[in-house]
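Chain identifiers are assigned alphabetically (A, B, ...) following the order of the sequence lines, protein sequences preceding nucleic acid strands; residue numbering begins at 1 within each chain.
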There are 2 protein chains.
Amino acid sequence: MKGMKGARVGNADDDKHAGLSIGEVADATGLSVHALRFFEREELFLRPIPRTGGGRRVYAAADVEWLALCNRLRASGMPIAELKRFAGLVRSGPGNEAERLALLQEHERAVRARIEELDASLEIIHGKVLAYEKHVREGTAAGVWAPTASR
Amino acid sequence: MKGMKGARVGNADDDKHAGLSIGEVADATGLSVHALRFFEREELFLRPIPRTGGGRRVYAAADVEWLALCNRLRASGMPIAELKRFAGLVRSGPGNEAERLALLQEHERAVRARIEELDASLEIIHGKVLAYEKHVREGTAAGVWAPTASR
DNA sequence: GCTTGATCTAGATCGCAGTCTAGGTTCTAG
DNA sequence: CTAGAACCTAGACTGCGATCTAGATCAAGC
């Protein structure tokens, strides 16, 4: 029972999972323990993460859920600074929902724009792929290949 | 006629545009002159860019076309290192088309995967936006908002 | 000829988002 | 009691992709 991380054995909350260690949260979210500490320094959590008597972080399921959303926002290109702003809004409680909405809408807009840009690039790239496929298949220099000329 | 950069006045190739200055290429491609020099150091061009007697770079239309493709590849997330590899393949002339094709196919695959990831994130984010819109409209706490709890 | 703007090289610096290190401390199984 | 895994803090370092600086040169219009 060495590599069992923070699971307090025979603690009766083996199932209830009252608190999670940083390692468990890392496993659950895919973030590294380094990243989790970094996120905390950057104030990306919705609350100060509480500690055990020994000084270790004790996360709740809600923190993991929040991190899952953070992961989505990050994966869709939201910079840390903006995520931080969002976290700050949520942290300061009700009353700023319109602001949060605006932030999310703006991000949604950005993501859609990014997807469109990728679609446009994809079209070009796919065109190149087709040209090269044809070239490789038939030997016809339909794309452009001369080292000096271009492409 | 001060800000006319590299256009050689009355040189008869006002229209033919035999050679472009770095500034003109910057304007044409959206890359900064710094970036263009950086690209050259990184060997991303298909040829050594020739110089005037005075040591200034003289680009050809083909270079601009190549940069346009580079921009597309970069915009779709291709790292400089991979672009460099591609440039190297093209530079070394015919005979490696299959390798170029493989590189482009792999990139196409990566771009499609990235788009799918963004689509997935977008769905989540849009869901949040809808929840917040409803909340702001109706005051119903349908999303999750408590500062301590989560979200 | 002189001023002004564009360009040159080499190298330093930047922002982002972590990642890693050093030097400890805490826990838990055996 | 002890080994070893997991954890702690503060701060240094990394990789990428530029971007900027310094100090000089070149080119064009007046």
Side-chain angles (χ1 to χ4, degrees), chain A residues 1-14 19-45 48-59 67 70-85 87, chain B residues 1-11 14 19-45 48-59 67 70-71 73-85 87 110:
Chain A
M1 280 242 172
K2 275 288 174 58
M4 258 221 165
K5 286 168 190 174
R8 288 147 237 49
V9 177
N11 198 355
D13 54 19
D14 269 30
L20 300 163
S21 73
I22 195 171
E24 287 167 333
V25 173
D27 287 353
T29 60
L31 292 160
S32 70
V33 296
H34 300 293
L36 287 170
R37 292 193 275 246
F38 169 74
F39 272 39
E40 192 174 339
R41 276 203 298 282
E42 293 293 313
E43 314 202 306
L44 299 180
F45 283 98
I49 302 301
R51 310 299 171 109
T52 66
R56 296 172 174 216
R57 292 168 178 84
V58 182
Y59 297 87
L67 287 171
C70 289
N71 273 340
R72 276 301 162 186
L73 293 173
R74 295 282 306 120
S76 51
M78 182 181 285
I80 293 284
E82 197 174 339
L83 183 50
K84 183 171 179 173
R85 215 170 74 75
Chain B
M1 279 244 175
K2 276 285 175 60
M4 257 219 166
K5 284 166 189 172
R8 289 148 243 43
V9 178
N11 199 352
D14 269 30
L20 299 163
S21 72
I22 195 171
E24 287 167 334
V25 173
D27 287 353
T29 61
L31 293 160
S32 70
V33 295
H34 299 293
L36 287 170
R37 291 193 275 245
F38 170 73
F39 272 39
E40 191 173 339
R41 276 204 297 282
E42 292 294 313
E43 313 201 310
L44 299 180
F45 283 97
I49 302 300
R51 311 300 169 108
T52 65
R56 301 179 167 208
R57 291 168 178 84
V58 182
Y59 297 87
L67 287 170
C70 288
N71 274 339
L73 294 172
R74 294 282 305 122
S76 52
M78 181 181 285
I80 293 284
E82 197 174 340
L83 183 50
K84 183 171 178 170
R85 214 170 74 74

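- When Leu67(A), Leu83(A), Leu44(A) are each tested for a side chain to side chain contact (heavy atoms under 4.5 Å, CB included) with Arg74(A), only one passes: Leu83(A).
- The separation between Glu24(B) atom CD and dT7(C) atom C1' is 12 Å, rounded to whole Å.
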Return a table of donor-acceptor pairs under 3.5 angstrom between the side chains of residues 36-43 of chain B and protein atoms on other chains or two or more places apart.
residue, atom, partner, partner atom, Å
Glu40(B), OE1, Arg57(B), NE, 2.5
Glu40(B), OE2, Arg51(B), NH2, 2.5

Along nucleotides 12-23 of chain D, 5' to 3', which nucleotides get a B, which get an S, and which get a -, given that the test is a protein heavy-atom distance under 4.0 Å? -----SBBBB--
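- Distance, Leu36(A) CG to dA6(D) P: 15 Å, rounded to whole Å.
- Under the side-chain contact (heavy atoms from CB on, under 4.5 Å) criterion, Ala35(A) pairs with Leu31(A), Ser32(A), sequence neighbours left out.
- If you measure from atom CD of Glu40(B) to atom P of dT7(C), you get 14 Å, rounded to the nearest angstrom.
- As rounded to whole Å, 15 Å separates atom C1' of dT7(C) from atom CD1 of Ile49(B).
- In this structure, CZ of Arg51(A) is placed 13 Å from P of dC27(C), rounded to the nearest angstrom.
- When atom types are taken as modelled, the side chain of Glu24(A) and the backbone of Ser21(A) share a donor-acceptor pair closer than 3.5 angstrom.
- Note: CD1 (Ile22(A)) to P (dC27(C)) measures 15 Å, nearest angstrom.
- Remark: C1' of dC8(D) and CZ of Arg57(A) are 7 Å apart, rounded to the nearest angstrom.
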N/O-N/O pairs, protein side and nucleotides 23-26 of chain C side, under 3.5 Å:
residue, atom, partner, partner atom, Å
dT26(C), O4', Arg56(A), NH2, 3.3
dT26(C), O2, Arg56(A), NH2, 2.9

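- Residues that satisfy the side-chain contact (heavy atoms from CB on, under 4.5 Å) test with Ala28(A), not counting sequence neighbours, are Val64(A).
- Note that CG of Leu20(A) is 11.5 Å distant from CD1 of Ile22(A), once rounded to the nearest 0.5 Å.
- Listed pair Ser21(A) / dA6(D) fails the phosphate criterion, with no side-chain N or O lying under 4.0 Å from OP1 or OP2.
- Listed by chain and number, the residues in a side-chain hydrogen bond (donor to acceptor under 3.5 Å, both in side chains) with Ser76(A) are His107(A) (sequence neighbours excluded).
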